[in-house]
**Student:** 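Before anything else, here's the structure in question.
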Amino acid sequence: MDDAKRRITYNMQIIKSWQQGLKISYRKVEAITGITSDQYSEYERGNGDPNVLDVATDKLRRFAFKQTMPNLDMRSAYLLNGIKFEIKDLRLPAKKVSEISGVPMDQYHDFLNGNLDAGVYEDAFDRLGVYYYLQSVSKSD
């Protein structure tokens, strides 16, 4: 699969995931992203301009972050989204996340819900990112 098709497939997975997770109609997705139903059909077949889809996916991602993490600025929302991915991918229990990130257990739920200060997400993202990288490297050895 070439790079363009990979990007299209990846972005379509994101769009469908956010659409399902937010329980929004295709018309709402169309309004947010600007992708018409004809373009959507083309992208589902793996065709179309991946650059246009990149922009559309980012619009939906920003909308989703505002809906799911309304207390965070966009940068912190992106960081928390990455943190959640790493936690899920490594199947880390709350206690391990707390140890790595430095977020106290009594603040863990507030942390995952985006209710802490931006600096907490910056620091936790750095710490968990290093841990994630080291785990990834050790898996590949």
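Please read these numbers as outputs of a predicted model, since none were measured by experiment. We count residues from 1, following the sequence as given.
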**Student:** Rounded to the nearest 0.5 Å, what separates atom OG in Ser76 from atom CG in Asn71?
**Tutor:** 11.0 Å
**Student:** Using the test side chain to side chain donor-acceptor pair (under 3.5 Å), find all partners of Ser98 that sit at least two apart in sequence or belong to another chain.
**Tutor:** none
**Student:** Going by heavy atoms in the side chains, are Leu53 and Ile35 under 4.5 Å from each other?
**Tutor:** yes
**Student:** Looking at every heavy atom in both Trp18 and Ala64, which two are closest together, and how far apart are they?
**Tutor:** CE3-CB, 3.2 Å
**Student:** Please, which pairs that meet side chain to side chain donor-acceptor pair (under 3.5 Å) have at least one residue in residues 27-42, sequence neighbours excluded?
**Tutor:** Thr36-Gln39, Glu42-Arg45
**Student:** For residues 81-96, which residue pairs pass the side chain to side chain donor-acceptor pair (under 3.5 Å) check, not counting sequence neighbours?
**Tutor:** Asp89-Tyr132
**Student:** In this structure, would Leu128 and Met105 fall into the same cluster of hydrophobic residues linked by side-chain contacts under 4.5 Å?
**Tutor:** no
**Student:** Arg7 and side chain to side chain donor-acceptor pair (under 3.5 Å): which single residue from Asn51, Asp2, Thr57 fits?
**Tutor:** Asn51
**Student:** List for me each residue that meets salt bridge (Lys or Arg N to Asp or Glu O under 4.0 Å) alongside Lys66, sequence neighbours excluded, and say none if there are none.
**Tutor:** none
**Student:** Linking I/L/V/M/F/W/Y whenever any side-chain heavy atoms sit under 4.5 Å apart, do Tyr133 and Leu90 land together?
**Tutor:** no
**Student:** Membership question, hydrophobic clusters at under 4.5 Å side-chain separation (ILVMFWY): are Ile14 and Val55 in the same one?
**Tutor:** no
**Student:** Can you hop from Val137 to Leu134 via hydrophobic side chains spaced under 4.5 Å?
**Tutor:** yes
**Student:** Output all residues satisfying side chain to side chain donor-acceptor pair (under 3.5 Å) with Glu44, sequence neighbours left out; order by chain, then residue number.
**Tutor:** Lys16
**Student:** Residues two or more places apart in sequence or in another chain: which of them pass ring pair (Phe, Tyr, Trp, His ring centres under 6.0 Å) with Phe111?
**Tutor:** Tyr121
**Student:** Over all heavy atoms of both residues, which pair between Ile32 and Lys59 is shortest? Give the atoms and the distance, please.
**Tutor:** O-CD, 3.6 Å
**Student:** Quick one: CG on Asp54 to CD1 on Ile8, what's the gap to the nearest 0.5 Å?
**Tutor:** 9.0 Å
**Student:** Sequence neighbours excluded, which residues qualify as ring pair (Phe, Tyr, Trp, His ring centres under 6.0 Å) partners of Tyr108?
**Tutor:** none
**Student:** So how far is it from Ile100 CD1 to Ile87 CD1, rounded to the nearest 0.5 Å?
**Tutor:** 8.5 Å
**Student:** Got a second to check how far Ile15's CD1 is from Arg61's CZ, nearest 0.5 Å?
**Tutor:** 9.0 Å
**Student:** In Å, rounded to the nearest 0.5 Å, how long is the span from CZ of Phe125 to CZ of Arg75?
**Tutor:** 7.5 Å
**Student:** List in chain and number order the residues that pass side chain to side chain contact (heavy atoms under 4.5 Å, CB included) with Asp110, two or more places apart in sequence or in another chain; answer none if no residue qualifies.
**Tutor:** Asn115, Leu116
**Student:** Could you pull out all residues at least two apart from Asp117 that satisfy side chain to side chain donor-acceptor pair (under 3.5 Å)?
**Tutor:** none
**Student:** Between the side chain of Ser101 and the main-chain N/O of Val97, is any donor-acceptor distance below 3.5 Å?
**Tutor:** yes
**Student:** Residues two or more places apart in sequence or in another chain: which of them pass ring pair (Phe, Tyr, Trp, His ring centres under 6.0 Å) with Tyr78?
**Tutor:** Phe65
**Student:** In Å, rounded to the nearest 0.5 Å, how long is the span from CG of Leu22 to CG of Leu60?
**Tutor:** 7.0 Å
**Student:** Applying salt bridge (charged side-chain N to carboxylate O under 4.0 Å, His left out) as the test, list every pair that has at least one member in residues 126-138; sequence neighbours left out.
**Tutor:** Asp123-Arg127
**Student:** Does any N or O in the side chain of Tyr43 come within less than 3.5 Å of the main-chain N or O of Thr9, such that one atom is a donor and the other an acceptor?
**Tutor:** no
**Student:** Are there more than 12 heavy atoms of other residues, nucleotides or ligands under 6.0 Å from atom OH of Tyr10?
**Tutor:** no
**Student:** Considering residues at least two apart in sequence or located in another chain, which fulfil the side chain to side chain donor-acceptor pair (under 3.5 Å) criterion with Asn113?
**Tutor:** none
**Student:** Can you check side-chain contact (heavy atoms from CB on, under 4.5 Å) on Val29 and Ile24, steps first, answer last?
**Tutor:** CA-CA 7 Å; Val29 171; Ile24 56 177; 3.8 Å; yes
**Student:** Can you get from Val130 to Val120 by hopping between Ile, Leu, Val, Met, Phe, Trp and Tyr side chains that sit under 4.5 Å apart?
**Tutor:** no
